[in-house]
Amino acid sequence: MSDNKNILEPLVDCVLESGILISTTLIKAVSNLSIFLLRASWDGIETISEILYKPNNKQLDYENTNSSILTGPEYHLENSLASTTLSLTDNTVTHTSNIEKSLTKPDFPKYLNLGSFDNYTLPEKCNYKSFKKDINNTLKCYIGVNIRGVQEIDFFKDGSLLVGGASRWGKTSLLYSILLSLMDRYDSEYLKIVLVDFKQVDLVRLDKYKHVVSDCITDINRFKSLLSWIENECNNRAKLFRNYDVANIQEFNNLNTNKLQPLIIVIDEIAQILTGDKKETDEVKSWLHRIICKCMAFGIYFIVCTQELSRDTLGKMKINFTQSAGVKCADKTASDLIIKNGNLEDITVKGRCKIDNSDGITEFQSYLVTIDDFRKTLHDKRK
């Protein structure tokens with residue numbers, strides 16, 4: 001040919017260009033595959049390192065207080081991983097664990113120290129508080145303040161009460177607290193009270209209120225008549241209980257529209273009653289013991305107060321009082337006649353008392369109650 005060109009030249013050019021394109025594609029594919037494999041290898045190495053050096057979860061069992069990891073309010077690590085390094089021999093890369101950040105000391109809240117009952121100080125005086133009136137089938141009174149709140153006496157639950165202690169240490173005020181709370185809380189149609197005061201000083205001032213059945217009893221003959229009447233009343237109530245197949249006044253009142261009235265007999269300074277002729281005194285003491293022994297089931301309760309603490313005064317009666325309250329006593333012997341191991345001789349505050357009942361021995365400060373409190377609180381309950 002005149003231009004001297006080879007007819008196969010275009011074909012050769014096409015083959016060369018195709019070869020170059022294929023080669024380029026293969027190189028890129030191999031390169032990408034290599035990069036992928038390298039990255040996968042790196043991730044695998046990191047995963048293996050985390051598994052190998054991850055802390056043992058059992059060591060961090062915070063519920064197990066015997067664990068060496070948990071030592072009170074601060075967490076301490078044994079063999080801390082904070083400075084652990086992992087060397088990769090292929091490319092000498094050093095990896096530092098970040099575990100230090102996740103195990104920082106927790107920020108605990110701060111609480112005020114409220115102390116304990118052992119450190120609680122009772123007030124040296126507290127004034128009477130009126131409580132919601134209650135004409136239901138209960139017989140409670142509120143007489144002061146203890147470390148948990150208001151101190152109560154539940155006659156249906158704990159029975160007759162013996163009150164003892166030295167003169168001028170708050171015995172009369174405690175007696176007034178009991179009577180004022182009972183009169184304030186219960187209607188006079190529900191609760192009846194009989195007062196006995198041979199000294200004719202304290203209780204005689206309260207016999208004009210509607211709750212009190214008669215004039216205050218101040219002599220032995222009227223007192224013996226009272227004991228005879230109480231015995232007859234117990235016998236009559238016993239017959240009612242048998243007819244209705246009940247065991248106490250609460251069960252009877254729950255079954256009947258016509259209710260039996262609870263009765264409380266309050267005797268101030270019983271030693272004054274038990275003086276004089278020994279034969280008559282022994283007779284009255286034995287009679288009183290017999291009545292106290294059986295009358296509680298019939299809703300009749302005694303509150304007996306004395307400052308003369310001796311076995312001659314109390315005799316067998318002591319065992320029939322299922323609860324006792326005491327103020328300051330002269331010595332441990334006198335204290336034990338009121339509350340065994342009550343340590344009433346250690347009391348140093350006027351009006352401070354201890355009571356022993358089904359709740360155990362409780363120390364409290366009795367309300368400071370005077371005759372004026374009766375007048376103010378019960379102004380509409382005089383006869």
Where do [X] and [Y] come nearest, in terms of heavy atoms and distance?
X: Asp336; Y: Gly342; result: OD1-N, 4.3 Å
X: Gly159; Y: Gln323; result: O-NE2, 2.8 Å
X: Gln365; Y: Pro123; result: CG-O, 3.2 Å
X: Asn343; Y: Lys354; result: O-NZ, 4.0 Å
X: Phe223; Y: Val284; result: CE2-CG1, 3.7 Å
X: Asp268; Y: Asp202; result: OD2-OD2, 3.6 Å

Practice prompt. Quickly, which of Asp245, Asn137, Val246 forms a side-chain contact (heavy atoms from CB on, under 4.5 Å) with Glu251? Name it, please.
Written response: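 Of the listed residues Asp245, Asn137, Val246, the side-chain contact (heavy atoms from CB on, under 4.5 Å) partner of Glu251 is Val246.
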Connected via hydrophobic side-chain network under 4.5 Å: [X] and [Y]:
X: Val327; Y: Val163; value: no
X: Ile371; Y: Leu195; value: yes
X: Trp169; Y: Leu122; value: no
X: Leu174; Y: Val204; value: no
X: Leu263; Y: Val196; value: yes

Is the [atom1] atom of [X] crowded by more than 12 outside heavy atoms at less than 6.0 Å?
X: Arg168; atom1: CZ; result: no
X: Lys383; atom1: NZ; result: yes
X: Asp380; atom1: CG; result: yes
X: Lys125; atom1: NZ; result: no
X: Lys129; atom1: NZ; result: no
X: Arg205; atom1: CZ; result: no
X: Lys208; atom1: NZ; result: no

Practice prompt. Test Lys376 against Asp372 for salt bridge (charged side-chain N to carboxylate O under 4.0 Å, His left out), laying out the working first.
Written response: CA-CA 6 Å; Lys376 294 174 184 176; Asp372 287 339; 5.7 Å; no
Item to complete: Determine whether the side chains of Thr362 and Asn146 contain a donor N or O and an acceptor N or O closer than 3.5 Å.
Response: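 Result is no, nothing qualifies.
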Worksheet item: For Asp158 and Ser358, does a side-chain donor sit closer than 3.5 Å to a side-chain acceptor?
Response: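 Yes.
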Could you check whether any side-chain heavy atom of [X] comes within less than 4.5 Å of a side-chain heavy atom of [Y], counting everything from C-beta outward?
X: Leu378; Y: Lys210; value: no
X: Leu288; Y: Lys285; value: no
X: Phe364; Y: Val145; value: no
X: Pro262; Y: Phe156; value: yes
X: Ile267; Y: Cys305; value: no
X: Arg237; Y: Leu260; value: yes
X: Val266; Y: Phe302; value: no
X: Arg290; Y: Glu231; value: yes

Got a salt bridge between [X] and [Y], using NZ or NE/NH1/NH2 to carboxylate O under 4.0 Å?
X: Glu280; Y: Lys224; answer: yes
X: Arg352; Y: Glu363; answer: yes
X: Glu124; Y: Lys350; answer: no
X: Asp187; Y: Lys381; answer: no

Sub-3.5 Å donor-acceptor pair from the side chain of [X] to the main-chain atoms of [Y], do we have one?
X: Ser177; Y: Ser173; answer: yes
X: Asp197; Y: Val201; answer: yes
X: Thr377; Y: Asp373; answer: yes
X: His211; Y: Asp184; answer: no

Practice prompt. Could you walk me through whether Leu344 and Lys328 pass the side-chain contact (heavy atoms from CB on, under 4.5 Å) test, one step at a time?
Written response: CA-CA 5 Å; Leu344 300 175; Lys328 170 77 173 182; over 6 Å; no
How far does [atom1] of [X] sit from [atom2] of [Y], to the nearest 0.5 angstrom?
X: Trp287; Y: His289; atom1: CH2; atom2: NE2; answer: 15.0 Å
X: Asn256; Y: Leu240; atom1: CG; atom2: CG; answer: 8.0 Å
X: Thr306; Y: Leu162; atom1: OG1; atom2: CG; answer: 8.0 Å
X: Tyr244; Y: Phe252; atom1: OH; atom2: CZ; answer: 5.5 Å
X: Ser324; Y: Lys340; atom1: OG; atom2: NZ; answer: 13.0 Å
X: Cys329; Y: Glu345; atom1: SG; atom2: CD; answer: 7.5 Å

Item to complete: Assess whether salt bridge (charged side-chain N to carboxylate O under 4.0 Å, His left out) is satisfied between Lys279 and Glu283, documenting all intermediate values.
Response: CA-CA 6 Å; Lys279 183 177 179 180; Glu283 179 189 358; over 6 Å; no
Worksheet entry | side-chain contact (heavy atoms from CB on, under 4.5 Å) assessment of Leu368 paired with Cys126 | CA-CA 6 Å; Leu368 179 63; Cys126 53; over 6 Å; no
Item to complete: Go through the steps for Ile303 and Leu175 under the test side-chain contact (heavy atoms from CB on, under 4.5 Å), then give the verdict.
Response: CA-CA 9 Å; Ile303 301 174; Leu175 201 57; 3.7 Å; yes
Fill in: Audit row: Glu269, Lys171, side-chain contact (heavy atoms from CB on, under 4.5 Å) steps and yes/no
CA-CA 10 Å; Glu269 294 304 339; Lys171 197 163 63 274; 3.6 Å; yes
Discussion item. Does Arg382 qualify as a cation-pi partner of Tyr209, given the criterion of NZ or CZ under 6.0 Å from the six-membered ring centre and within 45 degrees of its axis?
Written reply: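 Satisfied, under 6.0 Å and within 45°.
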Discussion item. If you take the centroid of each ring, where Trp contributes its six-membered ring, are Phe298 and Phe241 closer together than 6.0 Å?
Written reply: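 Yes: the rings meet the under 6.0 Å criterion.
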Discussion item. Before we go on, tell me: are the rings of Tyr367 and Tyr176 under 6.0 Å apart, centre to centre?
Written reply: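 No, the ring of Tyr367 stays outside the 6.0 Å limit from the ring of Tyr176, centre to centre.
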